[in-house]
Amino acid sequence: MKLAFIATGDIAQPTFRHLITHGPRPCLLITQPDKPVGRSHSEFLPPEIKSLAIENGIPVWQPERIIEIADALTDLHPDIIVVMAYGQIIGKDVRKAAKKAIINLHASLLPKYRGASCIQSAIANGDTETGITIMRVIRELDAGDIISAKRIPIGKTETAGELHDRLANLGPAALDEALKILAANPKAGTPQNEAEVTYAPKLLRENGRLDFTKPAAEIERFIRAYHPWPGTFTEVFVKGKTKRLKIFPPVEIAHYLIGPSELAVHEGQLLIGCSDGAIALSQVQPEGSKPMPATAFANSL
RNA sequence: CGCGGGAUGGAGAAGUCAGGUAUCUCGUCAGGCUCAUAACCUGAAGACCGUAGGUUCAAAUCCUACUCCCGCAA
């Protein structure tokens, strides 16, 4: 069986590696172009999965827009196309290139959290479980018929980064299962319940701004959910200037009443007030500085 | 040349504009106080102020060049 892999994000690495080792071996990797990175735009960094492909002698295509390679892909006659965290909408001409099926591994329990920030959303909303769903790729994003899903519980102090890695490691087994189902029944799949659909839009750094008029429990989840990307921050007034202050997990809910956004030092902990109490910070990073313990930051206040 | 902030004992900062004895909040060590303490009191150690030049009687501070770190933006 001929399989083509379309992926960019790190979450796809374990699955890609699994296919290389245990088969069916991908005959091609399609990934996003190398992106400029760094302060001066001078360095170009390839997706890590690209290096993985090259090390294993798998051809790599990096079109600006995936539609550009639709014809070439069709000429390869792949049976199955597997998509995971690619970062572009898969156009019709690409979908048609798969002789048997084109499927997508998505890091949520669909139909919940269609979209890019599915992992963050699950934690931010306080869900107790999430998983990997495998569905068919159709015109609408993450909306195709579901072939299979694997569930895992979400830890009470887990960050999105940690959950991301666990979900990534769930990929290989999830894909094996889906391929088995498809082999038995090429038309397998259950439509998603449209009434339960929710969306998790792509995040920007600005989305990490903390709103201290919310309850402490919600803010604590938010900080875990947005770590390490896009991160969370607030603004503090130091030396006559407003400076951005990044906040890192873990944070603890403190039963100490101060006003929203108000800073306080109590029993050696740096606190910020929320609507119903405060959160105790462990690590922060003021604009222009490296990350530091919250107590160190408190020393200069 | 995308925009901006920064480098001062182990940590975080003030001092730089108006050059003149190294300051603060912590930490560390020693001692004291206390039933007790992430509390309080006393004392101590620890810094060639990022690097290299320059100006000056005198430079953390002014001038020039350089290195490194970080925030935004992509």
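Note on naming: letters A, B, ... go to the chains in the order of the sequence lines (proteins, then strands), and numbering restarts at 1 for each one.
On the C1' atoms, A14(B) is 7 Å away from C24(B), given to the nearest whole Å. Comparing the P positions of G27(B) and G12(B) gives an interatomic distance of 15 Å, to the nearest angstrom. Comparing A36(B) with A45(B), their C1' atoms are spaced 29 Å from each other, to the whole Å. Going from the P atom of C49(B) to that of A22(B) covers 11 Å, rounded to whole Å. The separation of C17(B) from C63(B), taken at their P atoms, amounts to 9 Å, rounded to a whole angstrom. Comparing the P positions of C68(B) and A52(B) gives an interatomic distance of 16 Å, to the nearest angstrom. Rounded to the nearest Å, the gap between the C1' atom of U25(B) and that of U21(B) is 23 Å. Remark: the separation of the P atoms in A74(B) and C3(B) is 15 Å, to the nearest Å.
If you measure from atom CZ of R205(A) to atom P of C3(B), you get 19 Å, rounded to the nearest angstrom. Distance, Q283(A) CD to G12(B) C1': 13 Å, rounded to whole Å. One interatomic measurement links the two molecules: CZ of F233(A) to C1' of C72(B), which rounds to 10 Å at whole-angstrom precision. Residue K243(A) contributes atom NZ, which lies 13 Å from atom C1' of C72(B) at whole-angstrom precision. Atom CG of L270(A) and atom P of U25(B) are 18 Å apart (whole Å). Here C3(B) presents its P atom at 16 Å from CD of E287(A), a figure rounded to the nearest Å.
Here the nucleotide nearest the side chain of S289(A), chosen from A11(B), A13(B), C72(B), is A13(B). Among the nucleotides G12(B), C70(B), A73(B), the one closest to the side chain of K290(A) is C70(B). The side chain of N299(A) lies closest to C26(B) when the candidates are C26(B), C69(B), C72(B). Listed candidates were A11(B), C72(B), C70(B). Nearest to the side chain of Q285(A) is C70(B).
Nucleotide A18(B) is matched to nothing when pairs are restricted to Watson-Crick or G-U wobble geometry with both distances under 3.5 angstrom. Searching all strands for a Watson-Crick or G-U wobble partner of C26(B) with both distances below 3.5 Å returns G10(B). Judged by Watson-Crick or G-U wobble contacts below 3.5 Å, the nucleotide G71(B) has C3(B) as its partner. Pair check for C33(B) finds none; no Watson-Crick or G-U wobble contact set falls under 3.5 Å. A 3.5 Å limit on both hydrogen-bonding distances identifies U51(B) as the Watson-Crick or G-U partner of A65(B).
Nearest-nucleotide positions on RNA chain B for S300(A) and P286(A) put S300(A) closer to the 5' end.
Between R224(A) and E162(A), none of the side-chain N atoms (NZ, or NE/NH1/NH2) sits under 4.0 Å from a carboxylate O, so this pair counts as no salt bridge. Ion pairing between a basic and an acidic side chain is recognised when a charged N comes within 4.0 Å of a carboxylate O; K112(A) and E196(A) show no such pairing. D79(A) has a carboxylate O that lies under 4.0 Å from a charged side-chain N of K99(A), or vice versa, which qualifies the two as a salt bridge.
Taking the side chain as every heavy atom from C-beta outward, E262(A) and I272(A) never approach each other to under 4.5 Å.
The one candidate from I134(A), L110(A), N193(A) that meets the side-chain contact (heavy atoms from CB on, under 4.5 Å) condition with I146(A) is L110(A). Exactly one residue among L28(A), L73(A), N104(A), L3(A) makes a side-chain contact (heavy atoms from CB on, under 4.5 Å) with I81(A). That residue is L73(A).
Using a 4.0 Å heavy-atom distance criterion, K35(A) is classed as making no nucleic acid contact.
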